[in-house]
Amino acid sequence: MTPFLRALLVCASFAFPAFAVAAPLLHPLFQDHAVLQRGKPIPIYGQAAPGAHLTVSLSGDTAVATADAAGQWRVLLAPLPAGGPYTLAVQSDSGAHQQIGDVLVGDVYLCSGQSNMQLSVRGAGDVAAELRAATDSQIRGLTVTDHESTTPLASFADPVKWVVESPETTGDFSAACFYFA
């Protein structure tokens, strides 16, 4: 494993719509193949029934939270060095639980912009060679679609998914972010 795990986070908007209490306990950012920033306290957050008590664990560290009147909760886990894969788990006192796997801790790059960030690897030069060589499973991407809102939102406007680099997936990564990582 390289000493610095890398990730791509492509974000075109900082506006997030609210989600209902029936949603999973973890915010949609936290899902299989996620990458969390190394060397800094790790914020984990989500939504649960108001007043619910939650236990969150990652790599042997555990923290507890209580959901506020709006159902929002947040914990701060201890910093970790680059590594993984880990499992992130959250359990509520009502028995609700969520677990995500293949979580890495490494360097997270936030890439945001317009046309230059929207150019995919598929549209860049020598794409066939780039796709054949795209085998570093420590590079992951998350694309957030652009969404306008006049008020701050609590979640993403459209579903998001962490994608692991592979010859089949890399063509859709932002070329600028991919080459940077």
Side-chain angles (χ1 to χ4, degrees), residues 1-2 4-20 22-40 42-47 58 72 74 80 82-88 90 98-181:
M1 180 177 302
T2 60
F4 300 99
L5 297 176
R6 297 162 287 172
L8 302 175
L9 179 58
V10 182
C11 184
S13 171
F14 293 103
F16 309 111
F19 55 88
L25 296 171
L26 290 165
H27 184 278
L29 176 67
F30 304 105
Q31 54 183 275
D32 291 343
H33 315 299
V35 180
L36 306 174
Q37 181 61 46
R38 70 181 175 96
K40 304 276 185 188
I42 302 171
I44 307 293
Y45 46 92
Q47 181 84 16
L58 174 72
Q72 301 290 323
R74 175 185 162 102
L80 290 171
Y86 299 114
T87 297
L88 172 63
V90 60
Q98 185 179 1
Q99 182 172 301
I100 63 168
D102 192 31
V103 175
L104 298 180
V105 175
D107 291 320
V108 176
Y109 303 105
L110 176 62
C111 305
S112 180
Q114 295 178 9
S115 60
N116 289 341
M117 290 299 162
Q118 293 174 357
L119 175 68
S120 69
V121 171
R122 194 176 318 307
D126 201 11
V127 68
E130 291 297 338
L131 294 180
R132 277 192 307 275
T135 58
D136 186 348
S137 65
Q138 294 179 348
I139 295 180
R140 282 103 188 272
L142 177 84
T143 300
V144 178
T145 58
D146 189 19
H147 180 77
E148 294 181 22
S149 177
T150 58
T151 59
L153 303 171
S155 191
F156 304 114
D158 296 311
V160 296
K161 179 181 178 184
W162 283 95
V163 178
V164 178
E165 175 190 311
S166 74
E168 295 77 34
T169 62
T170 301
D172 295 327
F173 283 18
S174 162
C177 295
F178 176 73
Y179 294 127
F180 181 77

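- The one candidate from Val164, Val163, Val121 that meets the side-chain contact (heavy atoms from CB on, under 4.5 Å) condition with Thr169 is Val163.
- Looking at every heavy atom in both residues, Ile44 comes nearest to Leu26 through CG2-CD2, 3.6 Å.
- Distance alone, capped at 3.5 Å, is enough to place a donor-acceptor pair between the His27 side chain and the Ala154 backbone.
- Once rounded to the nearest 0.5 Å, the distance linking CG of Asp126 with CG of Leu131 reads 9.5 Å.
- Of all the heavy atoms in Pro28 and Phe156, the pair that sits closest is CB-CD1, 4.0 Å.
- Judged purely by atom type and a 3.5 angstrom limit, Ser174 uses its side chain to pair as donor or acceptor with the backbone of Met117.
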Next on the checklist: Checking Tyr86 against Leu88 for the side chain to side chain contact (heavy atoms under 4.5 Å, CB included) test, could you report, in this order, the C-alpha distance in whole Å, the side-chain angles of both residues, the deciding distance, and whether it holds?
Outcome noted: CA-CA 7 Å; Tyr86 299 114; Leu88 172 63; over 6 Å; no
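- The two residues Tyr179 and Gly125 come nearest to each other via the heavy atoms OH-O, 4.2 Å.
- Of all the heavy atoms in Leu80 and Leu58, the pair that sits closest is CD1-CD2, 4.0 Å.
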Item to check | side chain to side chain contact (heavy atoms under 4.5 Å, CB included) assessment of Leu142 paired with Leu29 | outcome: CA-CA 9 Å; Leu142 177 84; Leu29 176 67; 3.6 Å; yes
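- Considering every non-hydrogen atom in both Asp32 and Ile100, the closest pair reads OD1-CA, 3.3 Å.
- Here Glu130 contributes atom CD and Thr170 contributes atom OG1; the two are 9.5 Å apart, rounded to the nearest 0.5 Å.
- Atom CG of residue Asp107 and atom CD1 of residue Ile139 lie 11.5 Å apart, to the nearest 0.5 angstrom.
- When side chains are defined from C-beta on, Gln37 does not count as touching Ile42, because their heavy atoms never get closer than 4.5 Å.
- A distance of 10.5 Å separates CD in Glu165 from CZ in Arg140, rounded to the nearest 0.5 Å.
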Next on the checklist: Let's go through Gln138 and Leu104 carefully: what are the C-alpha distance in whole Å and the side-chain angles of both, what is the deciding distance for side chain to side chain contact (heavy atoms under 4.5 Å, CB included) to 0.1 Å, and is it a yes or a no?
Outcome noted: CA-CA 8 Å; Gln138 294 179 348; Leu104 298 180; 4.2 Å; yes
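- Of all heavy-atom pairs spanning Asn116 and Ala176, the tightest one is O-CB, 4.2 Å.
- With rounding to the nearest 0.5 angstrom, the CG atom of Asp172 is 12.0 Å from the CZ atom of Phe178.
- No donor-acceptor pair closer than 3.5 Å links the side chain of Trp162 to the backbone N or O of Phe30.
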